[in-house]
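Here is the structure we will look at.
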Amino acid sequence: MAGTAVRGRLTWQVATVADVVTETPRVRTIVLDVPDWPGHRAGQHLDIRLTAEDGYRAEREYSIASAPGEPVAVTVERLEDGEVSPYLTDELRPGDGLELRGPVGGYFVWEPEDGGPLLLVAGGSGVVPLRAMLRHRGRTGSDVPVRLLYSSRSLEDVIYLDELDEPRDGVEVVHTLTRRQPPGWTGRSGRVDAALLADVAWSVEDDPLVFVCGPTSFVEAVASGLVGLGYRPERIKTERFGSTGGS
Ligand SMILES: Cc1cc2nc3c(=O)[nH]c(=O)nc-3n(C[C@H](O)[C@H](O)[C@H](O)COP(=O)(O)OP(=O)(O)OC[C@H]3O[C@@H](n4cnc5c(N)ncnc54)[C@H](O)[C@@H]3O)c2cc1C
């Protein structure tokens, strides 16, 4: 069933790479043909396992980038000294096999009936599960109002730029560029701090449902900033991608 959250019941299977899409110089989306996929919910992730010729195995988690009902896809950022991500972004080609299991996770998920308004806050590749939620909203015809605050290092690092900036009723996207802004940039600059959150976030009275995703330090700073503004902690759901780096 689509809500499966318990890894113990999931089995590894070999998916086939159907397509590879370049999103930014460091980020690729890998579209997968998964023969035995039970369906997934917006916000869930899956496990990918690589096995070297000597039998050494490495496993990593990747958020599912596609909406329920769409082909399974992951969007991976290459970390130069990483064990797994450079293989996924640089080596995989359509037709290759890839071992995975999933879907995993039942907490960081959004369904239209969960309502809103929604505040989505992403740092770097943390936008991946939030993109799945936005697509799910679009595909289900939901009119829940959404604000996405998305922090990237530079404009070239913004993942899904065209898709996110496509005008949609009820969806506002605010970009902040932390390290480099192009000439004439009229968006926000700098890291997501209390002042930016106060400016962009819904008012406390709107009692928004919040999803925050990205590097650990980013997620912690945003969540505590929102609590500082008076947001109820139980309305804030977080997903940490594991490093302390920031976007
Ligand atoms: C629930 C969940 C969902 C995730 N979804 C995605 C996703 O959609 N897209 C995606 O690209 N990644 C995602 N990640 C991160 C992913 O699982 C890997 O950690 C990442 O690809 C690095 O793996 P690696 O083997 O290349 O690097 P490693 O060999 O594990 O690490 C190399 C170096 O990079 C540092 N590092 C590890 N993880 C990160 C990170 N996330 N950012 C910056 N530095 C890091 C390590 O400390 C180490 O110094 C997710 C993680 C979790 C827990």
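Counting starts at 1 for both ligands and their atoms, in listed order. Predicted, not measured: the structure shown is a model, and the values here were computed from it.
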request  = Of the side chain and backbone of Val27, name the one, both, or neither that has a heavy atom under 4.0 Å from an atom of ligand 1.
outcome  =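 The answer is neither; Val27 stays 4.0 Å or more away.
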message = If we count only N and O atoms by modelled type, under 3.5 Å, do the side chains of Arg240 and Thr238 hold a donor and an acceptor together?
response =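 Judged by distance alone, the side chains do pair up.
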ask   = Side chains of Thr178 and Arg153: donor-acceptor distance under 3.5 Å anywhere?
value =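 On atom types as modelled, these side chains do not qualify, holding no pair under 3.5 Å.
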Nearest heavy atom to [atom] wins, so pick from [options].
| atom | options | answer |
| --- | --- | --- |
| atom 8 (O) of ligand 1 | Ser63, Gly214, Gly43 | Ser63 |
| atom 36 (N) of ligand 1 | Leu79, Leu88, Val76 | Leu79 |
| atom 26 (O) of ligand 1 | Pro215, Ser85, Pro86, Ser125 | Ser85 |
| atom 24 (P) of ligand 1 | Glu77, Arg26, Glu83 | Glu83 |

query = Side-chain contact, heavy-atom cut-off 4.5 Å: Arg147 with Leu119?
reply =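 They are in side-chain contact.
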request  = Would you check if Trp110 and Val144 make a side-chain contact, meaning some heavy-atom pair closer than 4.5 Å?
outcome  =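 A side-chain contact exists here, since the closest heavy-atom pair is under 4.5 Å.
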With atoms numbered from 1 as shown, which atoms in ligand 1 lie under 4.0 angstrom from a non-hydrogen atom of [X]?
| X | answer |
| --- | --- |
| Val84 | 24 (P), 25 (O), 26 (O) |
| Arg60 | 17 (O), 18 (C), 23 (O), 24 (P), 25 (O), 28 (P), 29 (O), 30 (O) |
| Val128 | 8 (O) |

query = Between atom CG of Leu161 and atom CD of Glu156, what is the distance when rounded to the nearest 0.5 Å?
reply =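 Answer for the CG-CD pair, Leu161 versus Glu156, is 10.5 Å.
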ask   = Of all the heavy atoms in Arg240, does at least one lie under 4.0 Å from an atom in ligand 1?
value =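 The answer is yes: ligand 1 sits under 4.0 Å from a heavy atom of Arg240.
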ask   = When you look at Asp199 and Arg188, which way does the salt bridge (charged side-chain N to carboxylate O under 4.0 Å, His left out) test go after all the steps?
value = CA-CA 11 Å; Asp199 216 18; Arg188 311 286 179 139; 2.7 Å; yes
ask   = Looking only at N/O atoms, are Glu239 and ligand 1 under 3.5 Å apart anywhere?
value =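 No, Glu239 has no N/O under 3.5 Å of an N/O on ligand 1.
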query = Parallel, tilted or perpendicular: which describes the rings of Phe108 and Phe211, with under 30° parallel and over 60° perpendicular?
reply =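 If you compare the ring of Phe108 with that of Phe211, the planes turn out perpendicular.
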